[in-house]
Amino acid sequence: MNVKKEIRFRVYFAFTCVCLLGVGILGKAILIQLKEGKELRALAVEMSTINTILPAERGNIYTENGQLLCSTIPQFDVHVDYSVIQQDTFNKYVDSLAGSLVKLFKDATKATYKQRLIAGFKAQEKYFFLKRNLPYYQYQTLRSFPIFNKGKARGGLIIDSKTKRINPYQMLAYRTIGLFRENAQTIGLEATYDSVLHGNNGHRLDQKVTGGVWMPVEGSEIEPRNGRDIVTTIDISIQEVAEHALMSVLKQYECKYGTVVVMEVQTGKIRALVNLGRLENGEYWEDLNYAMFPTEPGSTFKLATLTALLSDGYINVEDLVNCEGGAKQFANRVMHDSHHGLGIMPIREAFAHSSNVGMASLAYRYYSTQPEKFVSHLKRLHLTSRTGIDLMGERRPAIVLPGTDMWSATALPWMATGYGIQVAPLHTCMLYNAVANNGKMMKPYLVSAIRDYGKDVKIFEPTILVEKIAPDSVIPQLKACAEEVVLTGTGKPIQSPFYRISGKTGTAQVADKGISYKDKVYQGSFVGYFPSDNPRYTIAVVIRTKPNSTAYYGGTLAAPVFRMISDKIFASGNGNWDEPLDSIARKGDVGFPARFAASGENFNRMLHSLGKTATIETSSKTISKIVVDTNKNIFIMPGSVYHGIVPDVKGLSLKDAVYILENEGLKVSVQGRGTVQGQSLNPGIKISKGQLIILKLS
Amino acid sequence: MQQILQRTRGDKVIWSVVVLLSLISLLAVYSSTQSLAYRMDRNASYYLVKQLMVLAFGLFIIYSVHKVNYTKFAKLSVVLYAISVPLLIYTLFFGTTLNEGSRWIKLPVVNLTFQTSDLAKLVLFIFLARKLSQKQPVIKDLKKGFIPVVIPVLVTCLLIAPANLSTALMLGFTCCILFFIGRVKIGHILLLGLFGIIGFAGLFTFSKLTGIGRASTWEQRIKNFTSKKESTKKDDKGENFQVLQAKIAIASGGIIGSGPGHSEAKDYLPHGYSDFIYANIIAEYGLVGGGIVIFLYLLFLWRSIIIFKRCPFAFGAFLAVGLSFTLVFQAMLNMAVNVHLVPVTGLTLPMISMGGSSIWFTSIAIGIVLSVSRYVDEEVKTNKKETKNSDGEKSKLFIDNIEQTELAAG
């Protein structure tokens with residue numbers, strides 16, 4: 001072949017090959033578009049857009065007074081991506097960064113921090129853990145630090161924000177408020193009202209644009225609907241008092257657990273719900289909802305038996321009953337009273353002294369042939385079904401029914417005294433509340449309103465469960481019996497000179513999960529209401545003792561708790577904790593807290609409103625004190641002012657008030673004329689010299 | 001300007017192709033560097049301006065080189081080849097690794113970094129054109145013809161191979177094309193191919209056993225190419241991710257593309273301004289744009305073949321056709337990688353990919369081709385005026401048994 005031709009041929013051949021390669025490239029591109037195009041484009045959309053969830057803010061939990069019981073705060077987890085930090089930047093600033101971190105966190109030395117940072121950088125870690133659960137202000141500070149202030153793309157700071165539920169009052173009503181947990185069961189009000197609190201998350205489509213920035217796609221945003229707030233009936237001051245009172249007794253006797261329910265008589269609103277369980281370290285914590293555990297109630301249940309007997313007209317509380325010395329055989333078992341030696345007495349007194357024999361005999365006499373009738377009364381008293389409180393986890397009371405295998409000859413007498421049935425403390429509280437409320441049974445509830453951006457969107461009105469639990473004639477008799485308990489019976493130790501208490505003690509030997517009667521675990525309880533003549537609050541106190549405890553009577557264990565709470569509520573207003581009123585009064589000889597520094601006239605008015613008369617031994621306008629003698633007679637005597645503490649000058653003349661206040665080193669400013677109606681500094685707080693106090697006169 | 005245009009010689013079509021490719025380069029680079037500019041905290045047009053300067057200087061180089069009489073490159077190539085060998089050795093030991101696997105050295109005075117292999121490649125091609133033209137009478141002979149031609153190729157390839165095997169293989173293969181055109185026996189080329197395979201296998205085994213070199217990278221690349229399933233994981237930043245993103249870019253382009261700067265795929269495509277710029281071009285200008293780019297390269301090659309046909313001298317002919325073949329072949333290979341026709345290799349798209357020194361080396365090659373073209377044009381003119389005028393002077397460059405008239409008439 002000719003040389004020239006051969007070369008030319010070879011060149012053409014090579015050119016053809018290159019052309020074919022070109023065609024092949026284009027062909028492959030077409031192939032990609034046709035064959036895999038759809039899938040790839042879908043993938044591209046998936047990669048370039050994300051559906052961002054805009055989390056709804058969970059609602060808060062408030063008290064009716066507007067205190068915040070539970071809220072959500074932001075928290076931040078911080079990691080570092082070292083791979084985006086330039087070597088020279090890192091070298092230049094690592095020292096000052098370590099210094100800044102130490103200043104902010106104060107949890108290690110600068111050298112330690114520096115070492116950690118350098119180690120992370122050397123390993124080029126992409127998700128180096130720095131700190132967890134940072135509050136907002138720390139997070140803000142952190143972002144301004146050297147290196148980090150270069151932003152995510154060059155400073156490597158990776159922020160994961162999250163939210164945390166906090167309870168500002170910590171243990172107070174902790175179990176009632178409940179817990180909101182992402183990965184565990186939600187409990188308490190958080191669970192019951194989850195649908196209200198959680199709100200609805202919003203969505204937004206974000207598209208990745210040049211430089212790796214996510215930009216929202218216009219019109220794709222669905223705004224989050226923030227959770228609404230709930231307003232609970234819990235009164236934080238009553239809750240605090242109840243917790244304090246219960247805690248003191250539990251600690252004193254090392255009890256296993258205790259619970260207090262404070263219910264407002266007319267509405268059924270739960271004002272306090274305390275559940276304290278003993279932890280292994282001997283401390284107490286709101287661990288379980290004991291108020292809603294059905295247990296054998298013991299003697300407090302006698303009120304139900306009495307209601308049944310009275311409603312059927314079988315008895316009158318003034319009728320006599322034979323307590324038979326405190327022991328009586330029913331079928332094959334002997335029933336004992338906890339206090340032996342009671343003989344024939346009016347039913348009212350047998351109730352007051354908590355005679356098991358007396359109550360069992362009456363029930364046995366009238367219902368042994370017709371137990372269904374007794375049970376039907378329990379049904380009417382709403383004792384066989386749930387209370388329906390708006391708190392998750394309530395269980396149905398357990399009651400043995402006649403005609404079932406569990407029913408025996410001893411079932412009725414023992415049931416009449418509160419054994420062989422299981423009723424939760426909350427439930428018993430509801431029953432006593434119905435008596436206090438003149439027979440109208442109110443449903444207990446914890447949430448009184450749902451609020452949205454500060455506006456009530458739904459108000460929960462009190463609910464009547466049973467319009468009338470017994471005929472009109474029965475209620476006064478029940479009330480008389482309950483009052484008798486505190487006047488002469490087992491509740492006598494908690495008598496108050498200022499107001500009357502009605503209620504019932506209960507002492508039950510406990511047989512429960514893992515506990516037999518032999519273990520001598522007791523459940524002491526006191527359920528009652530006050531003031532007896534115009535009841536405002538019903539309180540149930542139930543305390544479970546440790547095995548073989550020295551104190552186990554409801555009268556000694558639970559009743560004092562009741563009294564502490566009722567005293568505080570009675571003296572309510574300024575939110576301070578006090579021991580029972582008369583015990584303060586007794587200390588009056590030594591001196592008295594200045595917060596009781598009021599004019600004699602004011603004391604007199606207060607005592608009058610409590611239905612008490614006092615001997616006044618001072619002029620009405622001067623600062624006075626209360627003294628109670630051993631016979632519970634009350635005296636209003638001239639008092640002195642505690643130095644250094646703001647006295648209560650309300651009701652005093654301006655001259656007296658200014659004299660007292662200026663003697664304490666306060667500067668007085670006056671508005672209006674007349675007697676003192678208000679003062680800008682609350683009584684009982686400490687005075688700092690030269691402080692201004694404004695008095696309002698009228 | 002007028003003056004420059006007037007003084008510009010050479011094939012007008014090639015000139016047009018070069019200018020068009022530069023324009024495409026500016027568009028594609030501007031669009032695909034947005035993400036990079038953001039990351040590097042630069043002005044959005046930073047890379048555009050940079051590329052514009054590089055290309056402008058490239059055009060200046062082309063202009064300057066095409067003014068040079070191409071025959072001067074014959075002697076120059078011998079000197080430069082002699083320089084390139086020690087330079088490659090120096091780079092091998094003292095060069096800095098800028099990108100993975102490519103070695104660069106810094107020129108001391110002008111403070112310019114460049115890839116020595118770029119220089120070595122260009123020099124080798126010119127040197128080869130000279131050798132092939134010289135050895136034409138004995139080219140079919142193994143000892144007299146083939147061995148002297150193949151030795152310089154092997155030396156250069158072996159010196160590049162340790163640092164950048166794919167470049168060395170590419171170079172070797174391109175040289176085979178040149179051998180083919182230069183009438184080297186097919187059997188010899190196949191023999192060389194066999195040696196190449198054995199050599200590569202040896203090197204691979206050595207690297208695999210000792211852990212020196214980049215055998216694992218290669219293994220991975222081949223694996224990635226042969227495995228059917230591409231990784232669809234978003235966080236996979238490896239080569240599979242690159243290929244997948246390139247495919248997504250191609251798929252998003254359609255026939256006419258999403259328009260300049262409108263590709264979303266560019267934000268994800270790694271090296272979308274260099275190795276994978278072709279995928280971006282398809283994304284924004286569609287199959288039409290992609291086709292045009294291929295057509296421009298082929299047109300360039302075709303015009304070079306015409307020069308080759310018209311060139312009366314073997315050296316000039318081989319120079320024009322050899323340089324354009326290597327350039328276009330690299331372009332084709334790069335585009336083939338982009339459409340996942342061949343495994344990933346670290347090649348750029350000549351005159352389009354963002355770059356510095358590599359564009360200038362390409363410019364030199366184009367300049368030389370145009371120089372040949374200019375010479376041919378002038379030769380034809382003089383031939384028409386006074387036939388067989390300068391015969392005697394240049395006869396030493398003639399291929400002995402090819403008549404000048406034959407080639408000139410072409």
Side-chain angles (χ1 to χ4, degrees), chain A residues 1-50 83-84 86 89 126-127 150-154 207-215, chain B residues 34-39 41 44 136 177 180-183 232 234 244-245 247-255 264-268 278-279 282 286-287 290-291 294-295 297-298 301-302 305 308-309 314 317-318 321 325 328-329 332-333 335-336 338-341 399 401-403 406-407 410:
Chain A
M1 202 196 278
N2 180 308
V3 170
K4 187 198 81 177
K5 273 192 177 164
E6 190 188 348
I7 296 179
R8 206 175 277 183
F9 170 77
R10 287 195 176 194
V11 168
Y12 288 150
F13 181 79
F15 180 69
T16 313
C17 288
V18 174
C19 285
L20 286 176
L21 187 56
V23 172
I25 290 163
L26 211 56
K28 183 71 198 288
I30 293 168
L31 197 69
I32 289 173
Q33 290 197 350
L34 293 181
K35 209 177 135 200
E36 302 169 69
K38 210 173 172 188
E39 197 183 316
L40 287 168
R41 278 188 289 268
L43 196 63
V45 171
E46 186 193 309
M47 289 174 87
S48 66
T49 57
I50 48 167
S83 66
V84 302
Q86 299 284 320
T89 311
K126 282 181 180 283
Y127 202 59
K150 294 187 185 301
K152 189 184 172 186
R154 303 178 74 212
Q207 189 170 32
K208 199 170 185 179
V209 296
T210 305
V213 178
W214 292 97
M215 202 176 79
Chain B
Q34 293 309 297
S35 204
L36 182 73
Y38 182 87
R39 277 205 303 279
D41 209 12
Q136 273 306 310
I177 297 175
F180 177 74
I181 294 167
R183 283 199 321 123
T232 51
K234 286 181 198 174
L244 180 71
Q245 290 305 324
K247 280 175 139 187
I248 287 175
I250 290 164
S252 70
I255 292 171
E264 275 158 20
K266 67 172 188 255
D267 297 327
Y268 297 91
Y278 186 62
I282 295 186
L287 292 171
I294 293 175
F295 172 77
Y297 282 113
L298 290 177
L301 187 56
W302 179 246
I305 290 171
F308 151 82
K309 283 190 335 193
F318 282 132
V321 83
F325 255 111
V328 173
F329 184 65
M332 290 296 161
L333 214 57
M335 291 187 279
N338 273 250
V339 297
H340 203 221
L341 206 59
I399 303 165
N401 51 357
I402 301 175
E403 276 88 355
E406 249 185 294
L407 273 169

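Letters A, B, ... are given to chains in the order of the sequence lines, protein chains preceding strands, and every chain is numbered from 1. Since the structure is predicted, the reported quantities are computational estimates derived from the model, not experimental observations.
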Go through the structure and list residues passing side chain to side chain contact (heavy atoms under 4.5 Å, CB included) with B:Phe295, not counting sequence neighbours. B:Leu299
Hits for side chain to side chain contact (heavy atoms under 4.5 Å, CB included) against A:Val18, two or more places apart or cross-chain, chain-then-number order -> B:Leu298, B:Leu301, B:Phe325, B:Val328, B:Met332
Proximity breakdown for A:Leu34 and chain B, heavy-atom pairs closer than 4.5 Å: neither
Considering only heavy atoms, which portion of B:Ile250 lies under 4.5 Å from any heavy atom of chain A: side chain, backbone, both, or neither? both
Report which part of B:Ile305 has an atom under 4.5 Å of a heavy atom belonging to chain A: side chain, backbone, both, or neither. side chain
Closest non-hydrogen atoms of B:Asn338 and B:Ala279, given as atom of the first, atom of the second and distance, are OD1-N, 2.9 Å
With side-chain contact (heavy atoms from CB on, under 4.5 Å) as the test, pick out the partner of B:Val339 among A:Ile25, A:Leu26, A:Leu31. A:Ile25
